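Structure record follows, encoded as structure tokens.
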Amino acid sequence: MDIDDELTDLAGHIHGVVPLRDMLDRVSQLALEVVDKSDEVSVVLVAQPHESTIGGTSDAGRALDERQRQLGRGPCLDAAYGGSTVVANNLATDERWPKYSPTAVNLGIFSSLSVPLPVQEHVVGAINWYSRATDTFHDGHHDAAREFAAKVAVVVTNAHLFGSMQQMAANMQAAMASRAVIEQAKGVLMASMRCDADTAFGVLIEQSQYEQRKLREIAEEIVSRQRRPAD
């Protein structure tokens, strides 16, 4: 199966089958075949403001992107946010990323090629090829990397959108569950205190603030006590 077929197959198994992190790991493996002489590949997606998902061919590749995420700088993030290819020919002497480069060199990585992923408006991303040698990546590598990134972007965007929709659905379900238990707790307080709904809700809020606990936790505790059989 060639790379185009692999991407098509991967796209067909996104929905509910392939977690985003696993998909990025697989994309990294495919990317390793696209650019020869590369030793590691990583793929990073950064959603606003601070959410990121990192895939890679190994822990080393993922560690390089994680270090850049922590610092807020590096060839990967420069490519992702700048929307242009970033090449580092010798990270041991490159002065652009003084806090990041030592991490790469300590992991045995001396050159890199980072290409932006043209994804959706609120997400930036990049594919990063790393080499243990200096001066590895030339113009032919750049062209192959950009062509691959353009193909991957559609699959990655769809996967991220699907993951976001799943998270939104989960958040809505949790919010509905919270609302339900709060309404139950209000009912318990209205019955025991002989008060109206607004007063009962005020009691819940006051207890939540006083105990510095979530409103849902207070409500669940009240409902639980009500359901507990008397001694």
Side-chain angles (χ1 to χ4, degrees), residues 3 6-7 10 20-48 50-119 123-157 159-160:
I3 288 177
E6 288 267 13
L7 289 175
L10 189 58
L20 183 58
R21 162 67 184 275
D22 292 349
M23 195 206 72
L24 296 184
D25 283 347
R26 181 56 187 147
V27 167
S28 299
Q29 292 291 342
L30 294 175
L32 196 62
E33 302 175 23
V34 171
V35 176
D36 60 356
K37 298 184 180 179
S38 57
D39 296 303
E40 300 283 352
V41 175
S42 67
V43 183
V44 62
L45 290 182
V46 182
Q48 303 299 339
H50 302 297
E51 176 193 351
S52 64
T53 307
I54 299 173
T57 51
S58 73
D59 289 339
R62 286 186 285 268
L64 290 169
D65 279 2
E66 178 60 27
R67 179 57 175 161
Q68 293 178 69
R69 188 195 66 78
Q70 292 170 351
L71 295 171
R73 280 298 311 279
C76 165
L77 293 185
D78 285 3
Y81 285 107
S84 59
T85 300
V86 177
V87 182
N89 290 316
N90 188 346
L91 287 165
T93 59
D94 200 312
E95 297 180 352
R96 287 176 290 179
W97 311 285
K99 293 183 178 180
Y100 159 73
S101 293
T103 300
V105 172
N106 287 339
L107 289 171
I109 298 299
F110 287 89
S111 60
S112 65
L113 167 63
S114 299
V115 176
L117 272 173
V119 286
V123 180
V124 296
I127 306 179
N128 312 283
W129 286 265
Y130 300 106
S131 171
R132 296 187 178 92
T134 60
D135 301 302
T136 296
F137 304 106
H138 53 68
D139 289 346
H141 292 132
H142 304 178
D143 293 340
R146 284 191 287 263
E147 182 180 351
F148 179 75
K151 294 176 180 178
V152 166
V154 176
V155 178
V156 170
T157 298
H160 187 272

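Just so it is clear, the model here is predicted, and its values are computed rather than measured. Positions are given from 1, in the same order as the sequence printed here.
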Contacts of type side-chain contact (heavy atoms from CB on, under 4.5 Å), residue Ala104, not counting sequence neighbours: Leu64, Leu91, Tyr100, Ile109

Spatial distance of atom CG (Asp25) from atom CD1 (Ile54) [nearest 0.5 Å]: 10.5 Å

Heavy-atom donor-acceptor pair, Asp39 side chain to Arg132 backbone, under 3.5 Å: yes

Which atom of Asn89 lies closest to which atom of Ser111, heavy atoms considered: O-CB, 3.5 Å

Thr57 side-chain N/O to Gln29 backbone N/O, donor-acceptor pair under 3.5 Å: no

Rounded distance [0.5 Å steps], OG in Ser38 versus CD1 in Ile127: 11.5 Å

Nearest heavy atoms of Cys76 and Gln68, plus distance in Å: N-OE1, 2.8 Å

Ser42 versus Gly61, closest heavy-atom pair with distance: CB-O, 3.5 Å

Side chains of Val41 and Tyr130 in contact at under 4.5 Å (non-hydrogen atoms): no

Phe137: ring pair (Phe, Tyr, Trp, His ring centres under 6.0 Å) partners, not counting sequence neighbours: His141

Pair Ser114, Asn128: side-chain N/O donor-acceptor within cut-off below 3.5 Å: yes

Asp59 and Arg62 ion-paired at < 4.0 Å: yes

Minimum-distance pair of heavy atoms, taken over all atoms of Gly125 and Leu45: CA-CD2, 4.0 Å

Gap separating the CD atom of Glu95 from the OG atom of Ser101, nearest 0.5 angstrom: 9.5 Å

Contact check, side chains of Glu40 and Ser58, non-hydrogen atoms, under 4.5 Å: yes

Heavy-atom side-chain contact between Arg69 and Val44 under 4.5 Å: no

Atom of Ala31, atom of Phe148 and distance for their closest heavy-atom approach: CB-CE2, 3.5 Å

Pairs meeting criterion salt bridge (Lys or Arg N to Asp or Glu O under 4.0 Å) with involvement of residues 79-94, two or more places apart: Asp94-Arg96

Nearest heavy atoms of Leu77 and Gly72, plus distance in Å: CD1-C, 3.7 Å

